[in-house]
Number of protein chains: 2
Amino acid sequence: MAIKKTDVATGQASMKQVADAAGVAVSTVSRALANPGRVNEKTRKRILEAAQTLGYTPNAAARSLRKGRTGAIMIVLPGQLFHGASQVIPLVLAGIDRFLAAHGYNILIANLDRDESSEAHIVNLASNGSVDGAIIISSGIPQTSQKSLTQTGLPIISALHDLSHHGIPSVITNESEVMGKMTELLAQQGHRQFFYVAGPQGMYHERVRLDGIRQGIAQADLPAGSLRKSQGLRPYQEGFQIGVDAADMFLDFAQRPTAVMCCSDDAALSFIAKLTTSGLRVPEDVCVVGFDGSAVGAFVNPSLTTIAQPAEAIGSKVAELLTRQLDGEHVPMVTQLDSAIVRRQSA
Amino acid sequence: MAIKKTDVATGQASMKQVADAAGVAVSTVSRALANPGRVNEKTRKRILEAAQTLGYTPNAAARSLRKGRTGAIMIVLPGQLFHGASQVIPLVLAGIDRFLAAHGYNILIANLDRDESSEAHIVNLASNGSVDGAIIISSGIPQTSQKSLTQTGLPIISALHDLSHHGIPSVITNESEVMGKMTELLAQQGHRQFFYVAGPQGMYHERVRLDGIRQGIAQADLPAGSLRKSQGLRPYQEGFQIGVDAADMFLDFAQRPTAVMCCSDDAALSFIAKLTTSGLRVPEDVCVVGFDGSAVGAFVNPSLTTIAQPAEAIGSKVAELLTRQLDGEHVPMVTQLDSAIVRRQSA
DNA sequence: GTCGTTTTGGCAAACGATTGCCATTAAAGT
DNA sequence: ACTTTAATGGCAATCGTTTGCCAAAACGAC
């Protein structure tokens, strides 16, 4: 603490220094910068010049301490990100980023993983005033043994997962409906036996997509037994292994289904690769459809029929809802956007 | 400002409230929490209990204002992230995250894009005291018309790009050497004409990799004219289009090269797809190798020969160097880690 | 019981910005 | 010229922590 007040070499310039340089009080500097009309245009210009010369940047900690807001939004990711070809999460992020940046918010990515320490970190960020709101992407509510994110009182919106029953406004897609439509389409093409390459059992997406398939099968007047599924022991991040495991199971069937629907494009790609290696032809012998609409799907052989979610739109919608909530508006508990079937060679 | 000091309903509990509840002064609470030995074990226990009951979490803004440090490290991404199958950046991130989390730092992802406003945002974060250090991943130095990141005085480390000539310690791989080795390997297999599917012209990676290929060609006693290359008009993010464009060029050659090396796996995948569609066989007619070691490469047909960078190791190394620099240690300007050739079917 | 030493806890000053309130000055109205 | 009103700038409190310094209390040695 031997540093003198007037020390200029200490990296950043403070408002005090700008004030001294311009010959005014700090309060005037503050107003000149934030409150356009409040200070005489002439002094204001002098202050701006001084700030410019000193390379002044307002200190974030001091500002948010005083204002009680930080202008930052926390993004909670589903964890162990990006281990496949799927681009859904990055695109959602891009949508969020675009909207929030345009509205003067910063985004703060809270986690790259979802282990115990990450959960603690997330809840802590929410509790210690680092952020003004949170967006949960495609996952459940972060919580530690002590406290859950909802208990922090922070405004939260969920993307891709329906968490409305926990009181969290959610932006989701009609994935159930689209899966049903896809099933009907395949049935119309003459398929009678279906196989679903499942993601992690019991997860939200799995429940609703499976529901959709079952409805599609009923709609096509086929027996419920027309659908078989893989076990669903792995998380989405292990998409390629999901496909490989499922292919092993598939190849062992005495009577093989002819239409295969996968929980992700990653799973579909490795599933197809394994089938091809075993001498089966896609789509001649077996039709395979993915899920996600990954860009890579257009550049593989055969190109991949899949379901594309409006990922970027979901992102900006979620961001919009959060900012509206921060402004005290009331937002709908469920917002639904439409996914689309992308028809290519594999089905 | 009509809120009374004693107002408890205001969300977060403050240290003052904990102090009151425990019947001590705030300074004692602070010491009890941070400075184990400094306060009597009995009062300490009472304070911890009070904190627990009130759900106290120290305010981040206040703490960092006082301490002058935030405990956060800024990550600068190369922009428009993750539009292909490459996993390099995410893996580097994972490595960074693991190391920094273990050492008590938070990570703050500064940008998802790299446009003008992102650059400004990055420089601003560095200037306003939000972070203690920065890691630049595979890109140049962020700068606005006013100020560059280096001028903020913030400790910086670079990953994947060699920025040592700007005074920034850098962790890179031997990509030049490996490309040379790969070229020699192909020459040994009998290939005499090479084609390089180029990334954005003039970029660091492009220069060193091309150098490596040229050296490999010289090493194999082949004329410099054995190497042709595509134009390199697109950024890495448009990897699939890079491959498609290059394939168009390739197919137009009167005398086609038989060995193709690509700047990314994305480019290799779409290049192969286009060739296959045009009736060429890989690897029988043309050998193709990628770059990145993407997971998807093992699950396509033919599976992709590629070069895998030690991405996660790079991440943790970069993080380690930064923490050491923050502790006042001197760190080497260049650290090099080894990439490896992954031999699969496409070459 | 006295004196010296070590614990232990509190006071108050920072950190850097924002903002309510007041004093001064300038402009306008009569 | 005198009063009223508006414009302008400064003082000082405040946000929630951390920490140097000091005083009180506890302890030990004699």
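Each chain gets a letter, A, B and so on, in the order its sequence line appears, and its residues count up from 1. Just so it is clear, the structure is predicted and the values come from calculations on it, not from any experiment.
No side-chain donor-acceptor contact under 3.5 Å links B/Asp327 to the backbone of B/Glu329. For the pair B/Ser316 (side chain) and B/Ile96 (backbone), a donor-acceptor distance under 3.5 Å is absent.
A donor-acceptor contact under 3.5 angstrom links the side-chain atoms of A/Arg66 to the base of C/dT18. One donor-acceptor pair, N or O on each side, does fall under 3.5 Å between the base of C/dG10 and the side chain of B/Arg31. Contact annotation: side chain of B/Ser64 to base of C/dC15, donor-acceptor pair absent below 3.5 Å. You'll find a donor-acceptor pair under 3.5 Å spanning the side chain of B/Arg38 and the base of C/dG9, going by distance alone.
What separates CD of B/Glu41 from P of C/dG9 is a distance of 11 Å, to the nearest Å. Atom NZ in A/Lys67 sits roughly 22 Å away from atom P in D/dA13 (whole-Å rounding). Whole-Å rounding puts the B/Ile47 CD1 to C/dG10 C1' distance at 12 Å. The CG atom of A/Leu33 sits 11 Å away from the C1' atom of C/dA17 (whole-angstrom rounding). Between A/Lys16 atom NZ and D/dC11 atom C1' the separation is 13 Å, expressed in whole Å.
For the residue pair B/Thr152 / B/Lys147, no side-chain donor-acceptor distance below 3.5 Å is found, with atom types taken as modelled.
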Candidate pair A/Leu77 and A/Leu93, rule side chain to side chain contact (heavy atoms under 4.5 Å, CB included), full reasoning: CA-CA 9 Å; A/Leu77 294 175; A/Leu93 271 178; 4.3 Å; yes
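Using a 4.0 Å cut-off, no side-chain N or O of B/Ser27 falls inside it from OP1 or OP2 of C/dG10.
Comparing C/dA17, D/dG9, D/dT17 by their nearest atom to the side chain of B/Arg63 picks out D/dT17. Of the candidate nucleotides C/dT8, D/dG9, C/dT18, C/dT18 has the atom lying nearest to any side-chain atom of A/Met15.
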